[in-house]
Amino acid sequence: MLDTAQSLIRRAGRQLNLSDEDIEQILKINAEHIFEIKLSSGKSLQAYRVQHNNKLGPYKGGIRFHPHVDLDEVRALATLMSMKTAAVGLPLGGGKGGVAVDPRSLSQQELEELSRKYVQYLYPHIGPDKDVPAPDVNTNATIIDWMVDEYTKVSGDTTKASFTGKSVKNGGSLGRDAATGRGGVIALSELLKAKGLVNKGLTYAILGFGNVGSFFATVAANNYPQWRLIAAGDSTASLLDNAGLDAMQLSKLKSAGGHFLGSKQAKQITNDELIGLSVDVLVLAALENAITKDNMAKVKAKIIVEMANGPIDETAHDFLSSKGVIILPDIIANSGGVIVSYLEWVQNRRGENWDEKKVNLKLKRYLTQAVLGVLSVSKELQVDLTEAAFIQAIRRLNS
Ligand code: GLU
């Protein structure tokens, strides 16, 4: 995964005629914290925080709890965060954290102990002006609230600006939980506007119906009823209904802890079948490397929205791009989360609490500008949207 991220940076750097030295400077990772967390139950877990670049502001990025977490993945995700914050014009850098664990194998007490011990180890290296972590895959406001509480205890900082993605009662921002999904809808609608297609009907499928995918679907259903969700997949199975799935119902099923496998709501298909459906838009909201050389030839969608980080590897990206598939890149499409994280951090620092309307308006402004910028770079330099987004990021990082 790191290879793909670095290669995209190299390509954009060469397009900008940067020297090899300048490109290496952008690829350079500033610091890596690799540690072991021992739980009182005897379990020992491998943990990471990678701080890639802080030229534009404090390191910023989520912490994920997942069995596949390893150093290469965290490095790649940290690098993508620096590109993301730069591409959308936030005064923040990029970092990422992770623990190699399946959180479902932990008790609630173990999960809390893990979250607190993560902060006990890391606290000298993080903080409102140094590095501001947030949720990512399998982490949420409850976990972040434990982390903030621990950070406050060990550091004495009471601003709560040390983490974002907190619960609203604990200094979190309204609109943060829906922000990544909402941002994806805004980004797609801006792309469709530019192509004169925003008011046209379209069909779409979502792979990954967790927090991001389910908010994408419900926000889309509210704002663009002419977009028909015909398939949705979670880690167990996909559901298909050509007449249209009810996003709200699926999202209720998931938040009640349900799974698509065995669900009677629609016809069941495999996730690979979902990827090969004849839809106008395919939304990838699961994990990285969902499309690789193994399944890229199956894709029939005209537009792909990358809501996960790195869901298409380099080979598949080049193949799909050469076939004329428009890929709305992750560092733009899923940037709604970090944009509202930034707004949360600003509110904490100013001691303010904005209403949801204000937050959503600001989110829309950042994202619209970012998409328009990328479209214009793409036209100016005759490059695809991924390359254009990386060029936009690198121009900011190098200015
Ligand atoms: N984990 C999210 C991402 O990958 C959000 C990061 C943040 O809010 O700092 O963009």
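In each ligand, atom 1 is the first atom listed, and ligand 1 is the first ligand listed.
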All side-chain contact (heavy atoms from CB on, under 4.5 Å) counterparts of Lys153, not counting sequence neighbours: Arg116, Asp149, Glu150
Of all pairs that satisfy side chain to side chain donor-acceptor pair (under 3.5 Å), the ones with a partner from residues 216-225, not counting sequence neighbours: Ser189-Tyr224
Quick check with a 6.0 Å cut-off and a 45 degree axis cone: is Lys200 positioned over the face of Trp227's six-membered ring? no
Sequence neighbours excluded - salt bridge (charged side-chain N to carboxylate O under 4.0 Å, His left out) pairs with any residue from residues 164-189: Lys166-Glu344
Tell me which residues fall inside the under-4.0 Å heavy-atom shell around ligand 1. Lys60, Gly61, Gly62, Met81, Lys84, Lys96, Ala134, Pro135, Asp136, Arg176, Asn309, Gly337, Val338, Ser341
With Tyr59, the side chain to side chain donor-acceptor pair (under 3.5 Å) member among Asn53, Asp131, Asn30, Thr85: Asn30
I'd like to know if the side chain of His68 pairs up with that of Glu288 as donor and acceptor (distance under 3.5 Å, no hydrogens or angles considered). no
